[in-house]
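Worksheet: the structure to be examined is printed underneath.
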Amino acid sequence: MAELRHSTAAAAAARSSNSPAKRDSDASSASSPFASTSARGRDDDDDDGKDAHRSSPLLPHHHHHKRLRLLSPLRSLLTLEDPRSPSASSSYRILLALLAFLLLAAIFSATSVWSRLNAPYLCQKDGITLHCPETKEPPSLWENPRAATTSWKPCAERRSNEPSDVPPENETSGYIFIHAEGGLNQQRIAICNAVAIAKIMKATLILPVLKQDQIWKDQTKFEDIFDVDHFINYLKDDVRIVRDIPDWFTEKDELFTSIKRTVKNIPKYASAQFYIDNVLPRIKEKKIMSIKPFVDRLGYDNVPMEINRLRCRVNYHALKFLPDIEEMADKLAARMRNRTGSINPYMALHLRFEKGMVGLSFCDFAGTREEKEMMAAYRQKEWPRRYKNGSHLWPLALQKRKEGRCPLEPGEIAVILRALGYTRRTQIYVASGQVYGGKNRMAPLINMFPNLVAKEELASAAEMEPFRKHVTSLAALDFLVCLKSDVFVMTHGGNFAKLIMGARRYSGRHRLKSIKPDKGLMSKSLGDPHMGWASFSDDVVITHHTRAGLPEPTFPNYDLWENPLTPCMCPTA
């Protein structure tokens with residue numbers, strides 16, 4: 001990695017006088033008690049010298065000013081004083097003690113200077129591996145240090161005395177049909193929003209279709225992942241949900257193809273009032289309408305609190321994975337905790353460094369010239385409007401990295417985890433796609449944390465075979481194992497990480513750590529060639545003390561999925 005530069009002994013020596021560590025050493029030397037003691041010795045000896053001169057007529061007068069500056073033990077050594085006198089014997093003992101003290105100080109100082117000159121500032125790169133200093137595991141490594149400062153409980157479920165307000169079937173406003181696009185977690189958010197807008201418009205929701213995505217290339221149906229019966233029954237007092245398009249509607253193909261049956265151009269994060277004013281009239285007119293696209297088409301702070309509470313109810317209670325997915329996830333989590341032969345905590349790492357993510361970020365990463373040329377060609381092909389001629393991308397990439405908007409490389413997250421105190425013995429479950437750069441890119445992370453495994457290494461091929469039919473089933477396993485982990489670490493944004501953070505907060509797992517790295521601070525620290533490991537480690541620990549996943553007060557345009565506190569959680573007292 002370009003940022004994780006280390007210094008050779010010669011380079012460190014050349015700038016040692018300018019480094020903070022050297023200045024600290026010089027300052028401590030200047031204020032050393034040894035220096036002040038010798039100075040006092042010289043002042044005190046002035047009077048001794050005068051007395052000695054007056055009592056010794058054998059000494060020439062012109063040596064008087066030089067003799068005054070000699071310590072009494074040195075005068076004895078130079079036969080300026082009788083060595084058999086009591087004062088000389090005492091002076092000898094003082095001199096020997098002082099010399100011994102100075103010798104020990106010189107030995108320790110030389111060792112310290114030598115280690116500073118030969119140690120890397122952060123980590124030493126050896127080929128494709130990375131060597132960072134070992135750290136001592138702090139006692140609060142697996143606990144949220146601020147868990148005792150908060151006390152919240154989930155409260156999104158319907159209250160026992162809350163009556164149903166679902167209109168009779170013959171009084172419904174009409175039917176709405178949506179395509180849940182993207183990967184599993186994007187689809188999950190779309191389903192929650194679909195229930196919410198059906199509630200806003202008092203319409204009947206047709207069970208959403210999980211649309212095939214051009215990246216995921218998966219044709220999973222709702223019932224292949226989620227428990228449909230539980231979903232419909234749990235929400236029966238909130239929204240009427242039907243499994244399929246009503247039989248009386250004979251033009252089913254029009255829901256997918258005809259513009260007459262489709263509501264388009266809904267702005268992102270639209271308000272509840274927008275749906276009432278613009279979508280509801282068309283549903284009443286046509287009786288059945290599809291809505292697409294349907295990604296992030298409902299806002300957060302511009303809808304009633306009860307609607308946001310309903311979205312939490314769907315997300316955390318109504319949407320349950322099928323029992324076989326839940327059971328397999330429990331097995332994987334149990335195997336993670338028993339990998340050493342005894343019960344141990346484990347970390348779940350969501351590593352976002354796939355080729356598509358790297359390309360879409362338009363950030364610059366370490367690599368060969370050939371790799372950079374291939375990535376430039378890939379970006380030009382996939383995002384020609386953003387790429388243009390490529391001349392503006394370098395300053396843009398630098399700015400994005402300073403602002404913390406670039407995905408963390410495997411080696412960068414490895415250094416952060418080591419600075420936080422996690423050791424080589426840490427058990428890590430990694431949830432990721434195919435990492436861009438392959439084994440070479442993963443080498444620094446694996447070298448520092450060899451106990452890093454994926455689900456395929458925890459289960460046999462026969463156990464995994466039923467879940468390979470659908471990509472979303474594999475994503476569901478990753479989701480649940482990360483949710484059950486003792487520590488969850490994200491490396492970049494995205495729906496997966498947001499939903500995990502939010503679910504851990506809501507379920508009470510906020511008492512465990514969910515670490516969201518400060519990528520802006522990390523970019524600054526990892527790019528500083530003069531920062532020592534101790535300073536870097538202190539900065540990382542202090543910065544992430546308050547980034548460990550506790551519920552936080554919300555703010556305008558906040559993300560409900562990552563932080564459900566305000567509408568969906570209540571204080572325990």
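All figures in this text were calculated on a predicted structure; none of them were measured in a lab.
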Short side-chain to backbone donor-acceptor contact, Thr262 and Lys264, under 3.5 Å: no
Over-ring placement of Arg297 relative to Tyr269, 6.0 Å and 45° cut-offs: no
Side-chain donor/acceptor of Arg505 to backbone N/O of Glu562, under 3.5 Å: yes
Nearest non-hydrogen partners of Val314 and Val195, listed with the distance: CG2-CG1, 3.7 Å
Nearest atoms (heavy-atom pairs only) where Leu351 meets Val435: CD2-CG2, 4.0 Å
Residue pair Arg188 / Asn315, side-chain donor-acceptor N/O under 3.5 Å: yes
Sub-6.0 Å ring centroid separation between Tyr422 and Trp142: yes
Heavy-atom donor-acceptor pair, Asn278 side chain to Phe274 backbone, under 3.5 Å: yes
Student check: side-chain heavy atoms of Cys312 and Leu560 closer than 4.5 Å: yes
Minimum side-chain heavy-atom gap Ile266-Lys292 below 4.5 Å: no
Given Lys513, Met347, His350, the one that forms side-chain contact (heavy atoms from CB on, under 4.5 Å) with Phe488: His350
Main-chain N/O of Leu458 paired with Arg339 side-chain donor or acceptor, under 3.5 Å: no
Check: His317/Tyr506 side-chain N/O donor and acceptor closer than 3.5 Å: yes
Heavy-atom donor-acceptor pair, Glu354 side chain to Gln434 backbone, under 3.5 Å: no
For Pro410 against Leu445, the heavy-atom pair lying closest together: O-CB, 3.7 Å
Leu452 side chain near Tyr429 side chain, heavy-atom distance below 4.5 Å: no
Ile428 side chain reached by Val453 side chain, heavy atoms, under 4.5 Å: no
Non-hydrogen side-chain atoms of Leu332 and Met336 separated by less than 4.5 Å: no
Expected output: side-chain Glu371 to main-chain Thr368 donor-acceptor under 3.5 Å: yes
Separation between CG of Leu393 and CZ of Arg386, rounded to the nearest 0.5 Å: 8.5 Å
Approximate separation, where rounding is to 0.5 Å, of Met357 CE and Thr491 OG1: 8.5 Å
Where Met448 and Arg418 come nearest, the two heavy atoms and their spacing: O-NH2, 3.1 Å
Side chain to side chain contact (heavy atoms under 4.5 Å, CB included) partners for Lys355, two or more places apart: Met375, Tyr378, Tyr436
Leu210 side, atom CG; Gln187 side, atom CD - distance, nearest 0.5 Å: 4.5 Å
Test side chain to side chain contact (heavy atoms under 4.5 Å, CB included) applied to Arg405 and Arg401, step by step: CA-CA 6 Å; Arg405 295 191 288 138; Arg401 184 165 289 279; over 6 Å; no
Shortest non-hydrogen separation from Ala414 to Phe449 and the atoms involved: O-CE1, 3.5 Å
Approximate separation, where rounding is to 0.5 Å, of Leu477 CG and Glu456 CD: 9.5 Å
Glu457 side-chain N/O to Ala454 backbone N/O, donor-acceptor pair under 3.5 Å: yes
Whether Arg504 side chain and Leu483 backbone form a donor-acceptor pair below 3.5 Å: yes
Separation between OG of Ser271 and CD1 of Ile276, rounded to the nearest 0.5 Å: 8.5 Å
Aromatic ring proximity Phe226/Phe231, centre distance under 6.0 Å: no
Test item: Leu408 and Ile416 side chains (from C-beta on) under 4.5 Å apart, heavy atoms: yes
Backbone N/O of Pro567 and side chain of Arg309: donor-acceptor pair under 3.5 Å: no
Test log, rule side chain to side chain contact (heavy atoms under 4.5 Å, CB included), inputs Phe294 and Ile191: CA-CA 9 Å; Phe294 198 70; Ile191 294 167; over 6 Å; no
Polar contact flag, side-chain donor to acceptor under 3.5 angstrom, Ser473-Arg468: no
Nearest heavy atoms of Ala397 and Asp364, plus distance in Å: CB-N, 3.7 Å
Backbone of Ala534 reached by a side-chain donor or acceptor of Ser537 within 3.5 Å: no
Salt bridge (charged side-chain N to carboxylate O under 4.0 Å, His left out) between Lys469 and Asp224, intermediate numbers included: CA-CA 10 Å; Lys469 298 177 183 177; Asp224 294 330; over 6 Å; no
Plane angle bin for Phe177 and His179 - parallel if under 30°, tilted between 30 and 60°, otherwise perpendicular: perpendicular
Heavy-atom neighbours of Lys400 NZ exceed 12 at 6.0 Å: yes
Lys402 NZ: over 12 foreign heavy atoms closer than 6.0 Å: no
Listing, residues 494-501 side-chain donor-acceptor contacts under 3.5 Å, not counting sequence neighbours, or none:
from, atom 1, to, atom 2, distance (Å)
Lys498, NZ, Asp559, OD2, 2.8

Worked verdict on Gln399 versus Cys363 for side chain to side chain contact (heavy atoms under 4.5 Å, CB included): CA-CA 9 Å; Gln399 185 63 29; Cys363 293; over 6 Å; no
All salt bridge (Lys or Arg N to Asp or Glu O under 4.0 Å) counterparts of Asp478, not counting sequence neighbours: Lys455
Tyr275 side, atom OH; Ile176 side, atom CD1 - distance, nearest 0.5 Å: 8.5 Å
Tyr316 six-ring centre to Arg311 NZ/CZ under 6.0 Å and within 45° of normal: no
Ile515 and Leu420, any side-chain heavy atoms less than 4.5 Å apart: yes
Donor on one side chain, acceptor on other, Lys519 and His492, under 3.5 Å: yes
Under-2.5 Å SG separation for cysteines Cys155, Cys568: no
Residue of the set Leu310, Leu319, Leu298 for which side-chain contact (heavy atoms from CB on, under 4.5 Å) holds with Cys192: Leu319
pair Cys406-Ser361: side-chain heavy atoms closer than 4.5 Å: no
Chi angles and distances behind the side chain to side chain contact (heavy atoms under 4.5 Å, CB included) call for Val415, Glu412: CA-CA 5 Å; Val415 174; Glu412 289 175 322; 5.9 Å; no
